[in-house]
Amino acid sequence: MAQPVIAIDGPAASGKSTVAGLLAARLGVPYINTGNMYRAITRYALDSGTDLDTRCTDKIFTPLLNTLQLEYRKNISGTYKLYVNGVPEDNRLRSPEVAAYSSRVAALPAVRNWLKARQRGFAALGLIVMEGRDIGTVIFPDAAFKFFLTATPEERARRRLVQAGETFDGATLESVARDIADRDRLDSTRAIAPLKPAADAETVDTTKMTIDETVDYLAGRINDGRS
Ligand code: DC
C-alpha cells in the first residue's frame with residue numbers, strides 16, 4: 001500500500017525547500033526538510049571541534065551521534081521546526097561552510113542509517129511533505145507521490161546567490177555554480193542512497209517556472225492523483 005508521503009527530491013538549490021514548505025502549508029500537512037538534518041549533524045560535528053577535512057569517518061561520527069538528539073517539534077503556527085539537543089535550529093545551518101561539508105557527512109553510512117530510522121518514523125504523522133535527495137528512492141520507496149525537481153545549473157546558481165547568507169563573501173555566479181556542481185557530484189556518486197530520481201518519480205524542470213507556478217503544478221498533480 002502506498003505510504004501517505006509526498007516525496008520531493010532534487011539537486012542543490014533547485015528550489016525544493018521553498019516549494020515543499022509552501023505546498024505543505026497549502027495542503028495543511030507537516031513539512032519535513034531532511035537536508036536540515038544532515039546540516040544539523042554537520043554543524044554539531046564542527047561545533048564539537050571535528051576537523052571534517054581529515055576526520056569525516058563513520059568511526060568519528062558514531063560516538064558523536066550517540067550524544068545527539070534531533071527532533072521536529074510542532075510550534076504554535078502548526079509548522080514543524082527542527083530542534084538540535086533541545087535547541088531550535090537557526091540560520092547557522094544555512095552557512096556555505098555547513099552546506100559544503102554536509103555533502104561529505106551525508107555520504108557516511110553511519111549517518112545515513114541513523115537518519116533513515118528517524119525519517120521513516122515521520123510516517124506516523126499521517127500525510128506529510130518530505131524533501132531531500134533519497135526520499136522517493138530509499139526512505140519511502142512506496143510514497144504516494146514522488147517528484148524530482150530540477151533546474152539548469154545556471155538557474156540554480158542564480159537562485160542560491162540571491163539567498164542572503166548562503167554563499168561565501170565575494171561569491172560570484174561562477175563560484176556558486178562550481179560549489180553546487182561539487183555538491184551534486186558528491187551527492188550523486190556516493191555509494192549509498194545517491195541523488196537520482198526514483199524510477200516512478202515525475203521530474204519537474206522548474207528553470208522557467210516561478211515558485212507559485214511550481215507549487216500550483218504539484219498541488220494540481222496531487223489533486224489529480226487523489227481523485
Ligand atoms: O538540501 P540541502 O542542501 O539542505 O542538503 C544538505 C546536504 O545533505 C546535501 O549535500 C545532501 C545531503 N542530503 C542527503 O544526502 N539526503 C537527503 N535526504 C537530504 C540531504
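The shown structure was predicted, so the numbers you read here are calculated from the model rather than taken from an experiment. The analysis underlying the following values was restricted to heavy atoms, covering all of them including side chains, and did not include hydrogens, waters or symmetry mates. We're numbering straight along the sequence, starting at 1. All ligand and atom numbering here is 1-based and tracks the order in the structure.
Of the candidates Arg133, Arg112, Gln119, it is Arg133 that places a heavy atom closest to atom 1 (O) of ligand 1.
Between Asp216 and Arg26 a salt bridge is recorded (basic side-chain N to carboxylate O distance below 4.0 Å).
The only option from Asp9, Asp134, Asp200 that meets the salt bridge (Lys or Arg N to Asp or Glu O under 4.0 Å) definition with Lys146 turns out to be Asp200.
For the pair Asn33 and ligand 1, the shortest N or O to N or O distance does not fall below 3.5 Å.
Those atoms of ligand 1 that come under 4.0 Å of a heavy atom in Arg39, given as number and element, are 2 (P), 3 (O), 4 (O), 6 (C). The Arg183 neighbourhood of ligand 1 comprises atoms 2 (P), 3 (O), 5 (O), 6 (C), 7 (C), 9 (C), 10 (O), with distances under 4.0 Å to a heavy atom of that residue. Close contacts between ligand 1 and Ser103 involve ligand atoms 10 (O) [criterion: under 4.0 Å to a heavy atom]. In summary, the atoms of ligand 1 found under 4.0 Å from a heavy atom of Ala106, numbered by their order in the structure, are 12 (C), 15 (O). Numbered from 1 in the order shown, with element, the atoms of ligand 1 that lie under 4.0 Å from a heavy atom of Ser102 read 6 (C), 7 (C), 10 (O).
Interatomic distance, CZ of Arg183 versus CG of Leu195, reported as 10.5 Å (0.5 Å rounding).
Phe122 pairs by the ring-ring contact (aromatic ring centres under 6.0 Å, His included) definition with Tyr72, not counting sequence neighbours.
A cation-pi arrangement is found for Arg118 relative to Trp114, the charged atom lying closer than 6.0 Å to the ring centre and inside a 45° cone about the ring normal.
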